[in-house]
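Note: hydrogens, waters and symmetry copies are ignored here, and every other heavy atom, side chains too, is used. If you read the sequence from its start, that first residue is 1, and numbering goes on from there.
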Amino acid sequence: MNPLDNLEKYDIILASGSPRRRELMSLLDIDFTVDTSHSVDETVPDGMAPESVPAYLSTVKALAYPLDKPGNPLVIAADTVVILDGKVLGKPSDATEAYAMLAMLAGHTQTVVTGVTIRSKEHTETWSCETEVEFARLSEEEIRYYVDRYRPLDKAGAYGIQEWIGAAAIKEIRGSFYNVMGLPVHRLYRALKEL
């Protein structure tokens, strides 16, 4: 018996194209489908606190999915950002921007925040999870190696902790490792168990 058998009444939808979120959701041993067919405007309101951005965007993503479909949809949406010195680092637009982001992160501690929204016909909740990540100093050669080889253009802050850079450059994390990958599965598991 799966501890999340309470979810059998739902058609679970992961509203994310991220292969890492798909992998992390699979760890929970529940059936789900991935649906990225509902695009949203990810413009953040002026003046929003950086720590509030992921929760806001996860809510926008979850609300884009109509719940009047047949069945009993349960939408899970998430958004992750890296925050350094009060500045949000999202996904880099190209290799040059990825290099610049990593040069800023090198030798510093940043905060990774993931916002998660769970939405069904009878229930909606949104929360955030924060993890502090301390980077070692990186040479220009090391940053170029990582950007050229791993092409981290689809990752907030231009890095994936589960890749080479995580092994070579991350000195310490305080908080959830999986949160840095893009989905705080422990907190999600607890929230889903209470539905």
### Summary
To the nearest 0.5 Å, atom CD of Glu134 lies from atom CD1 of Ile170 at 10.5 Å
### Message
What's the separation between atom CG in Asp85 and atom CD in Gln110, rounded to the nearest 0.5 Å?
### Response
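The CD atom of Gln110 is 10.5 Å from CG of Asp85, to the nearest 0.5 Å.
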Could you tell me whether the side chain of [X] and the main chain of [Y] form a donor-acceptor pair under 3.5 Å?
{"X": "Thr131", "Y": "Ser176", "result": "yes"}
{"X": "Glu97", "Y": "Ser93", "result": "yes"}
{"X": "Asn72", "Y": "Asp11", "result": "no"}

Applying a strict under-4.5 Å side-chain criterion to I, L, V, M, F, W and Y, I'd like to know whether [X] and [Y] cluster together.
{"X": "Val116", "Y": "Ile13", "answer": "no"}
{"X": "Leu7", "Y": "Leu67", "answer": "no"}
{"X": "Leu14", "Y": "Ile30", "answer": "yes"}
{"X": "Val75", "Y": "Ile12", "answer": "no"}

#### Entry: Asp31 atom CG: more than 12 heavy-atom contacts under 6.0 Å
no
### Task
Might you confirm whether atom NZ of Lys87 has over 12 heavy atoms from other residues, nucleotides or ligands at distances under 6.0 Å?
no
Determine which pairs satisfy ring-ring contact (aromatic ring centres under 6.0 Å, His included) with at least one residue from [range], sequence neighbours left out, and list them in order.
{"range": "residues 83-137", "result": "Phe135-Tyr159"}
{"range": "residues 164-186", "result": "Tyr145-Trp164"}
{"range": "residues 65-97", "result": "His38-Tyr65"}

For a quick test of reading the model, state the closest non-hydrogen atom pair linking [X] to [Y] and the distance between them.
{"X": "Ala158", "Y": "Pro92", "value": "CB-CG, 3.8 Å"}
{"X": "Leu138", "Y": "Ala169", "value": "CD2-CB, 3.5 Å"}
{"X": "Thr114", "Y": "Pro184", "value": "CG2-CD, 3.7 Å"}
{"X": "Ala64", "Y": "Pro66", "value": "O-CD, 3.4 Å"}

Under the rule for side-chain contact (heavy atoms from CB on, under 4.5 Å), what residues qualify as partners of [X], not counting sequence neighbours?
{"X": "Glu132", "result": "Thr109, Thr111, Arg174"}
{"X": "Thr126", "result": "Ala55, Ser58, Thr59, Thr117"}
{"X": "Asp5", "result": "Met1, Asn2, Glu8"}
{"X": "Arg137", "result": "none"}

### Summary
Apart from Val44 itself, its cluster of hydrophobic side chains linked below 4.5 Å comprises Val40, Met48, Val53, Tyr56, Leu57, Val60, Val81, Ile83, Val88, Val113
### Ser120: partners by side-chain hydrogen bond (donor to acceptor under 3.5 Å, both in side chains), with sequence neighbours left out
Glu122
### Task
Please identify each residue that fulfils side-chain hydrogen bond (donor to acceptor under 3.5 Å, both in side chains) with Glu163, with sequence neighbours left out.
Tyr146, Lys155
Side-chain donor-acceptor contacts of residues 187-195 below 3.5 Å, not counting sequence neighbours, with atom names and distances?
from: Arg187; atom 1: NH1; to: Ser128; atom 2: O; distance (Å): 3.2

Please tabulate, for side-chain N and O atoms in residues 19-28, each donor-acceptor pair with protein atoms closer than 3.5 Å (sequence neighbours left out).
from: Arg20; atom 1: NH1; to: Asp154; atom 2: OD2; distance (Å): 3.4
from: Arg20; atom 1: NH2; to: Asp154; atom 2: O; distance (Å): 3.4
from: Arg20; atom 1: NH2; to: Asp154; atom 2: OD2; distance (Å): 3.2
from: Arg21; atom 1: NE; to: Gly182; atom 2: O; distance (Å): 2.7
from: Arg21; atom 1: NH1; to: Ser16; atom 2: OG; distance (Å): 3.3
from: Arg21; atom 1: NH2; to: Thr80; atom 2: OG1; distance (Å): 3.0
from: Ser26; atom 1: OG; to: Arg22; atom 2: O; distance (Å): 3.0

### Message
Tell me which one of Asp35, Asp79, Asp41 satisfies salt bridge (Lys or Arg N to Asp or Glu O under 4.0 Å) with Lys61.
### Response
Asp79
#### Entry: Val112 side chain reached by Ile173 side chain, heavy atoms, under 4.5 Å
no
